[in-house]
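What follows is a short report on a single structure.
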Number of protein chains: 2
Amino acid sequence: MTVAPAAVSSARFSAQIRSQALQTRIMELILERGLDVGDALPTESELSAELGVGRNTVRESLKVLQALGVIEIRHGFGMFVAPNNFSALVSGLTFRGRLSLRHKGEEAMELIDVRQALESGLIGSAIDLLTADHLADLRSTMQAMQDAAAKGEPLAEHDAEFHRRLYAPLNNELLINLMDVFWQVYRQIHEALGSGPVNLEEQVQIHWDIYEAVDGRDKALASERLQRHFDGIRLKLKDVAAS
Amino acid sequence: MTVAPAAVSSARFSAQIRSQALQTRIMELILERGLDVGDALPTESELSAELGVGRNTVRESLKVLQALGVIEIRHGFGMFVAPNNFSALVSGLTFRGRLSLRHKGEEAMELIDVRQALESGLIGSAIDLLTADHLADLRSTMQAMQDAAAKGEPLAEHDAEFHRRLYAPLNNELLINLMDVFWQVYRQIHEALGSGPVNLEEQVQIHWDIYEAVDGRDKALASERLQRHFDGIRLKLKDVAAS
DNA sequence: GGAAGGAGAAAGGACGTCCCATCTCCTGTA
DNA sequence: TACAGGAGATGGGACGTCCTTTCTCCTTCC
């Protein structure tokens, strides 16, 4: 027998709201004082005094704000308004993904779906805005990836860099960060499962194929090859999850 | 007094790494014990003892995990593995958006861009999977929106519901959550700026147009109308930011 | 005069303790 | 049988204390 939903939500109202209210107050304090990225916040003691709550309480809120990428805490120095940073999402999403893998791995698959939709959906716009410089960057990344593969080194970082640069023309930090988060979550889930043997040459070839399509400004082909790239990733994930 | 040797060896790393390591340890504890969504975690005191850290320290990590949507804390009852929930991201992203509006509002615009890319890019796949039931849900949402507009009530909730149901056929919780986050952030930024007068009838008409395109299974038209919907949102945001 | 190094201050990190707030569950009484 | 209230458990919060890290500035030596 479950409790009435209304009872639960009202019960949690006061408890949940208070801690979030404190976080909001700190954020509004930043906005009101006109603090910008890199500026220092008041010290923990000052905040504790100004907001009328204990230092431990304010610290809990500050840790949350740090986790949300709002502030940056430097031990022994102070706290500062942080530059855009989504890395905090990674751990939470990774946990979600690993949790779901105990069932049917649905959430992990959903993550790939979102990545696929974002990337294959946006490649057209990216190609529209692509300049020679962007293409050169992309090519040098591919070269580095190929070199790494030849030495038998892991491609992970080059892979991430490739996808990052692919969408650099869109000039959208948020998008890049979001894609990066998804990429890292996929990688961590994969590692947590114990990645099987990977075919480095095949990986490189897949990315070269995408590069060629982009180089030729063939939006449909690029989209299709990205789509297939993700189909492969999905299969691999399903494979590992089954074992 | 000696705890696990592993805990001591990481002492040389920065404090930021250590607090994140504690969060990771708690998440792995959940995974190792096979806890699932809704299951109870050990109490704060138990965690404090098991992990060999003080209760206040463990509380800071728990608050972060709560903010990341990993656990749910119910005062006086206990802590539980939370169902998927991204609502915590909203406040962080909203802060980012408001901060950016003091300059040129770039980050807020990027947020709209990502939403636009996601929605207009995925509407095709959604239409492919659309069933009569989904369409009926969508229609009833539209009806509710129209009724609200007739009474002069705010459309916000109906608007959110419309977009949520539009992509329900994809059966991707992560995507729905993500879109919801973006929607809420946009709304909060808009409210923080002080929304100007809104034309309710026009809002309803725009959504009816999208509904019609979806009803007719015209992917291109639906995508184009969504695109224009977001162009309108973008203009409105720019307008308000300029004032 | 300039660079290297150490002392001190300032800030965050960690912990322990105490008490309060709120929830659930059980008991007792009408 | 049903409802009210209390007991116990659990999270919430506030101090106070001491440790660790980092920066800054001053001293010292070359």
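Labels below follow one simple rule: chain letters A, B, ... track the order of the sequence lines, proteins then strands, and each chain is numbered from 1. Note that this is a predicted model, so its numbers are computed, not measured.
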Side-chain contact, heavy-atom cut-off 4.5 Å: A/M109 with A/R234?
yes
Mapping B/F77 and A/G76 onto DNA chain D by nearest heavy atom, which one lands closer to the 5' end?
B/F77
If I take atom CD in residue A/E60 and atom C1' in nucleotide D/dG11, what distance separates them, rounded to the nearest angstrom?
10 Å
Test ring-ring contact (aromatic ring centres under 6.0 Å, His included) applied to B/Y186 - qualifying residues, sequence neighbours left out
B/H190
Distance from B/I30 atom CD1 to B/L41 atom CG, nearest 0.5 Å?
4.5 Å
Please state how far atom CD in A/E44 lies from atom C1' in D/dT21, giving the value in whole angstrom units.
13 Å
B/H207 vs B/F162 aromatic rings, parallel, tilted or perpendicular, using cut-offs 30° and 60°?
perpendicular
In whole angstrom, give the distance that lies between atom CG of A/L51 and atom C1' of D/dC15.
17 Å
Could you check which of C/dT17, C/dT24, D/dG11 has an atom nearest any side-chain atom of B/R74?
C/dT24
Please give, in whole Å, the distance from C/dA11 P to A/L62 CG?
14 Å
Any donor-acceptor N/O pair under 3.5 Å between D/dT22 base and A/H75 side chain:
no
Phosphate OP1/OP2 of D/dA14 contacted by A/T57 side-chain N/O (<4.0 Å)
yes
5'-most by nearest nucleotide on DNA chain D - A/G52 or B/T43
B/T43
The side chain of B/N56 is closest to which nucleotide in this list: C/dA14, C/dT17, D/dG12?
C/dT17
From the list D/dT20, D/dG11, D/dA14, which nucleotide is the closest neighbour of the side chain of B/I73?
D/dG11
Presence of B/R59 side-chain N/O under 4.0 Å of D/dG12 phosphate oxygens OP1/OP2:
yes
On the nucleotide D/dG11, are OP1 or OP2 found under 4.0 Å from the side-chain N or O atoms that B/R55 carries?
no
Distance, rounded to the nearest Å, where A/R18 contributes CZ and C/dA21 contributes C1'
8 Å
D/dG13 P sits how many Å from A/L47 CG, rounded?
16 Å
Check for a donor-acceptor pair, side chain of A/R55 on one end and backbone N or O of A/S45 on the other, with a separation under 3.5 Å.
no
B/F80 has an atom CZ; how far is it from atom P of D/dT10, in whole Å?
10 Å
Which whole-number value in Å describes the distance from B/M79 CE to D/dT10 P?
10 Å
